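Written out below as structure tokens is the structure these notes cover.
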Amino acid sequence: MILPRSFYTRGTVEVARDLLGTVVRHSATSGIIVETEAYLGGDDLAAHSARGLTERTRVIFGPPGHAYVYLIYGVYDCLNLVAEPDGQPGCVLIRALEPLDGLDVMRERRPRARGAEDLTSGPGRLTMALGITRAECCGADVCAADSGLTVEEGPDRGAFEIVAGPRVGITKCVDWPLRFLLGGNRFVSRG
DNA sequence: GGTAGGATGGGCT
DNA sequence: GCCCATCCTACCC
């Protein structure tokens with residue numbers, strides 16, 4: 001049920017697409033991934049790993065199937081899942097979830113959310129709703145049942161269309177179609 | 001319906 | 001000192 005490490009030991013784009021429909025679980029809450037973005041190695045200047053291996057980006061260069069959580073704009077934590085074989089950079093930003101378990105807990109963690117669509121429809125929102133912090137989760141092994149942060153096979157919901165487009169909020173490599181979302185899903189971060 | 005602007009702190013030059 | 005892989009509010013149609 002928990003996705004095996006071999007799932008992540010592949011090209012980042014493939015992993016980003018295949019993560020759609022799977023389930024992220026942490027601290028009494030879970031959600032189905034409906035939007036992802038791939039951040040590659042090589043000449044992807046939008047990726048944190050583009051400036052090389054540093055203390056912060058060490059996890060991205062490490063073994064696949066681990067969580068890379070970072071602070072954005074000094075305010076919010078964002079969740080990534082590391083792909084590619086050990087030693088090669090590449091990770092997938094989780095941008096939106098469809099809430100699955102623990103909706104009441106999510107509402108307590110996000111008192112400002114008006115409807116269910118506001119709970120997890122954004123990279124900063126979903127970490128708040130699931131209680132994911134970089135202090136607790138950065139570097140966590142999402143393939144290990146006892147890690148507290150796991151990614152599981154999702155419920156079978158038949159065929160769905162994957163829509164690709166430019167990544168959100170970046171200024172470099174803006175034309176690369178590395179954002180993926182479930183077509184027509186109302187829990188995506190935008191459009 | 002839309003958007004402009006502020007909050008806020010770590011990472012890197 | 002500048003740059004952010006964002007969110008929320010206020011205010012304006």
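All values derive from a computational prediction rather than experimental measurement. Atoms considered below: every heavy atom in the structure, side chains included; atoms not considered: hydrogens, waters and symmetry mates. So you know, we letter chains A, B, ... as the sequences are listed, proteins then strands, and number each from 1.
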Between the protein and nucleotides 1-8 of chain B, which nitrogen or oxygen pairs come in under 3.5 angstrom?
from	atom 1	to	atom 2	distance (Å)
B:dT8	O2	A:Tyr73	O	2.3

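Side-chain contact between A:Ile94 and A:Leu19 is present, with at least one heavy-atom pair separated by less than 4.5 Å. Annotation: side chain of A:Pro123 is not in contact with side chain of A:Tyr76 (no heavy-atom distance under 4.5 Å). Considering only heavy atoms from C-beta on, A:Arg112 stays 4.5 Å or farther from A:Met128 through its side chain.
To the nearest angstrom, C1' of C:dC7 lies 18 Å from CZ of A:Arg109.
Legend: residues meeting side chain to side chain contact (heavy atoms under 4.5 Å, CB included) with A:Ala16, ordered by chain and number and at least two apart, are A:Thr36, A:Ala38, A:Val92, A:Phe180. For A:Thr57, the side chain to side chain donor-acceptor pair (under 3.5 Å) partners two or more places apart in sequence, or in a different chain, are A:Thr54.
Near DNA chain C, defined here as any heavy-atom distance below 4.0 Å, the residues from residues 59-71 of chain A are A:Tyr70, listed numerically.
Counting only Watson-Crick and G-U wobble pairs whose two key distances fall under 3.5 Å, DNA chain C forms stems of three or more stacked pairs at B:1-7 with C:6-12, B:9-12 with C:1-4.
A continuous path of ILVMFWY side-chain contacts below 4.5 Å connects A:Leu97 to A:Leu20, so both sit in one hydrophobic cluster.
Taking a 6.0 Å sphere around CD of A:Glu153, one finds it holds 12 or fewer heavy atoms contributed by other residues, nucleotides or ligands.
Sorted by first and then second residue, the ring pair (Phe, Tyr, Trp, His ring centres under 6.0 Å) pairs involving residues 6-34 of chain A (not counting sequence neighbours) form an empty list.
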